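First the structure, in the form of structure tokens, and then the observations on it.
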Amino acid sequence: MESSEGTGGLSGEIEVEAYRRLFPLPFYERHLLESVRPDARPLNRARDTTIALGPVASADGSALVKIGDTTMLAAIKLEVMTPSTDAPDEGSLAIEFQMPPICSPSVRPGRPAEVASVISKQLSDVMMSSEMINLKELSLISGKAAWMAYLDIYCLSADGCLFDAALLSAIAAFSHLQIPLVSVNDDGRVIAVFGELPEAKLKLELVNKEKRKLSLGSKPFSLTCILHEEYILADPNAEEESIMDTFVTVVLDSLGQLVSIYKPGGAALANMSTIKACIALTKSRVKELNNILSESLSEMEVD
Amino acid sequence: MEYVNPLTGFRLDGRRPNEMRQIRGEIGVVAKADGSALFEMGNTKVIAAVYGPREVRNKGQQINNQALVRCEYGMANFSTGDRRRKPKGDRRSTEISLVIRQTMEACILTHLMPHSQIDIFVQVLQADGGTRSACINAATLALADAGIPMRDIVTSCSAGYLCSTPLLDLNYVEDSAGGPDVTVGILAKMDKVTLLQVLLEHTKQLECHRGA
């Protein structure tokens, strides 16, 4: 079962590719013995992450995040609505995560991918329970008007770690969000004012004087690790996720507090030291992500 | 409303009547797809991915002597000015999916790949008029990136007629102005028309002019 060196360089390479397809687990285990992965990453390193803010000009806040080849596009659109009676000065947030068929060969059109609903629910839970967004900031006129923020996240390319990328894109989109100007028109209805204000409209009373950004609390960041025997692999790609099925997702906020730990079964059982190791890996990843996000934000401000 | 300025002849966005918007194409944007492309026409941004030729999922639809071509068109919720509630499955999306499928099917050499399926998925990220054309252009690039044998490259563009002037490549404002509009898809080298859709919205009379 060992792949032997071919006589020519090319036939040697073809044997390795065939071995990788036919016996993926032994292929990986031989790499793990040397504490490295086939893409030359050490076990605890995540892939290159980039954040681009504001790719969708028509949205109030948007971000494009790439972790390795996994690409997520998040956009926020704000609409005015009447707040509910039991929370008259709070706005509201609707999160939707979708995997269109372009992202992966396993997604069939007409039937949403199973994993999309799971990630959607996880995202909702994490964003609502972390104290990043204060819904009171989304209020306009108490009892009469508030903002409804629709956050749509689209997976454009799925190559592992979908939840991490989706969460990062949601956080980045909220960091980029600018609340538009609104005014009250003659019927007493609140309407959004787009573009420049012509002189004649200045008689309309502006509810908020200038475009402002949300003041965000501590932001949650996450890291998914795969467990296999005694190895912990951080930030798996799709190939690794398909052969080793046990993963742990840890969400920490930028103050280092634990927001969520998610380990949905799997063949490998983890003891406390493994979980602590995952949390430690997540801590360093959080610092990394925070830096990347602040860099992108400061680049935007310079423009 | 003045879609064409009578003094200068410029349109609302500063273009001349026979000027296209800036186009930009990029291939290989989706890692897992066999072929993919991102195509922009002005502010309209569209991403297309091709998976195939691969095994037919639904054996009942398999064709014995040629490849089955399927296409799905979707618009992101944030792609238009107001947020869309139903991004797929509405009549317009189904119609455009059909149009793109038939246009691409005409140019793919399907008889070379029997018993297989080619999936073309198109997602509109930002819509500013001409989405149909941008989708066809993106699909062509994605098919080429996937190495699928085709007769020719299909290119497409739209045009309209406002303020007694023919206008090339309408944006959303010009498209919703109520004048007639036409979308054309042609096989570039063979110089043959594969798609022709004309929408005459509120025009009472149709004048026919021979173009140069």
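Numbers restart at 1 for each chain; the letters A, B, ... are given by sequence-line order, proteins then strands. Keep in mind the model is a prediction, meaning the values are calculated, not measured.
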**Asked** In this structure, are over 12 heavy atoms from other groups packed under 6.0 Å from B/Tyr172 atom OH?
**Response** no
**Request:** Flag the one option from A/Ala158, A/Pro105, A/Ala57 with the top tally of heavy-atom pairs under 4.5 Å to chain B.
**Result:** A/Pro105
**Asked** Considering all heavy atoms of both residues, which atom of A/Ser58 and which atom of B/Ser79 are nearest to each other, and what is their separation?
**Response** OG-O, 4.2 Å
**Asked** Relative to chain B, which of A/Val56, A/Ile76, A/Ile102, A/Leu156 shows the most heavy atom pairs under 4.5 Å?
**Response** A/Ile102
**Prompt:** Taking atom NZ of A/Lys121 as the centre, does the number of heavy atoms from other residues, nucleotides or ligands within less than 6.0 Å exceed 12?
**Reply:** no
**Item:** Close contacts, residues 62-71 of chain A versus chain B, judged by heavy atoms under 4.5 Å
**Value:** A/Asp69
**Request:** Using a heavy-atom cutoff of under 4.5 Å, enumerate the residues of residues 10-34 of chain B that contact chain A, numbered in order, or state 'none'.
**Result:** B/Val30, B/Ala31, B/Lys32
**Request:** Look at atom CD of B/Glu2 and say whether more than 12 heavy atoms of other residues, nucleotides or ligands are closer to it than 6.0 Å.
**Result:** yes
**Prompt:** When rounded to the nearest 0.5 angstrom, what is the spacing between CG in B/Asn58 and CZ in A/Arg108?
**Reply:** 8.0 Å
**Prompt:** Does CG belonging to A/Asp39 count more than 12 external heavy atoms closer than 6.0 Å?
**Reply:** yes
**Fill in**
Note: B/Lys45 and A/Pro55 closest approach over all heavy atoms is CE-O, 4.3 Å
**Item:** Nearest-0.5 Å distance that lies between atom CG in B/Asn77 and atom CD in A/Gln98
**Value:** 5.5 Å
**Asked** Can you check whether B/Phe78 reaches A/Tyr150 side chain to side chain, under 4.5 Å on heavy atoms?
**Response** no
**Item:** Separation of A/Cys103 SG from B/Phe121 CZ (nearest 0.5 Å)
**Value:** 9.5 Å
